[in-house]
Amino acid sequence: MSTAMPAGEPDSHGTAIAAERRWAWVVIAIMALLVAMMIFTGLHWSAMPPSRVETVDVKTLHLKGEFVESNLGTSVGADGKVTVRLIAQQYSFQPQCIVVPAGVPVTFRGTATDTIHGFVVGRTNANTMLIPAFVSTFTTTFPKAGEQLMPCHEYCGTGHEAMWARVQVLPADEFMARAKPGERLSCVPR
Ligand code: CUA
């Protein structure tokens with residue numbers, strides 16, 4: 001209780017302005033933190049916004065073209081480039097187990113058949129959405145050998161939490177010994 005104020009007239013206007021100013025600083029601090037996080041992930045993890053758009057016909061996805069079943073998995077081109085092709089559907093990835101070499105750039109090309117999915121590979125920067133009718137692609141290098149989990153990270157329906165695949169990162173020489181020209185590698189048990 002202030003004895004200096006006239007009876008019944010607390011300085012509510014001044015109190016409100018001081019409170020609003022404090023909250024404004026909190027909001028500015030949150031925005032500055034978010035921008036700093038974007039700059040950090042952009043530079044440190046090489047996270048980039050999509051720079052191109054490539055489409056694919058969902059109706060013929062399984063019938064012809066790049067994403068027919070026999071073309072899914074990991075291939076090594078004549079130029080030595082490693083490419084992983086995969087598709088996502090409710091509620092699995094195809095292939096369910098992906099094999100890649102360590103220390104070599106790997107290009108992922110993927111799409112979805114039914115709704116929006118996505119994936120992240122363990123604690124690496126391999127991370128994308130998979131959208132019907134669009135081809136998502138990125139190139140990354142897995143620094144060390146080992147097995148990683150690859151969960152779907154876009155809510156895609158009631159089975160979302162059970163949708164995941166595995167990624168086996170092999171030492172490069174072991175991977176190259178298994179890769180044959182024209183073949184599609186995966187670690188799905190046959
Ligand atoms: Cu597919 Cu979540």
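Throughout, numbering of the chain's residues begins at 1 and tracks the sequence. We use all heavy atoms of the structure for the numbers below, so side chains are in, but hydrogens, waters and symmetry mates are not. What you see is a predicted model; the values in this text were computed from it and never measured. Counting convention: from 1, in listed order, for ligands and their atoms alike.
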Counting backbone and side-chain atoms alike, does Met163 have an N/O/S atom under 2.8 Å from atom 1 (Cu) of ligand 1? yes
Taking the side chain from Thr140 and the backbone from Ala126, do they hold a donor-acceptor pair closer than 3.5 Å? no
Validation row: Tyr91, Thr158 side chains within 4.5 angstrom (heavy atoms): yes
How wide is the angle at atom 2 (Cu) of ligand 1 spanned by Cys152 SG and Glu154 O, rounded to 10 degrees? 90°
Minimum-distance N/O/S atom that His117 presents toward atom 1 (Cu) of ligand 1: ND1
If we check side chain to side chain contact (heavy atoms under 4.5 Å, CB included) with Cys152, which of these qualifies: Phe93, Trp164, Phe119? Phe93
Within 2.8 Å of atom 2 (Cu) of ligand 1, is there any N, O or S atom belonging to His160? yes
Tightest non-hydrogen contact, residues Thr137 and Phe108, listed as OG1-O, 2.9 Å
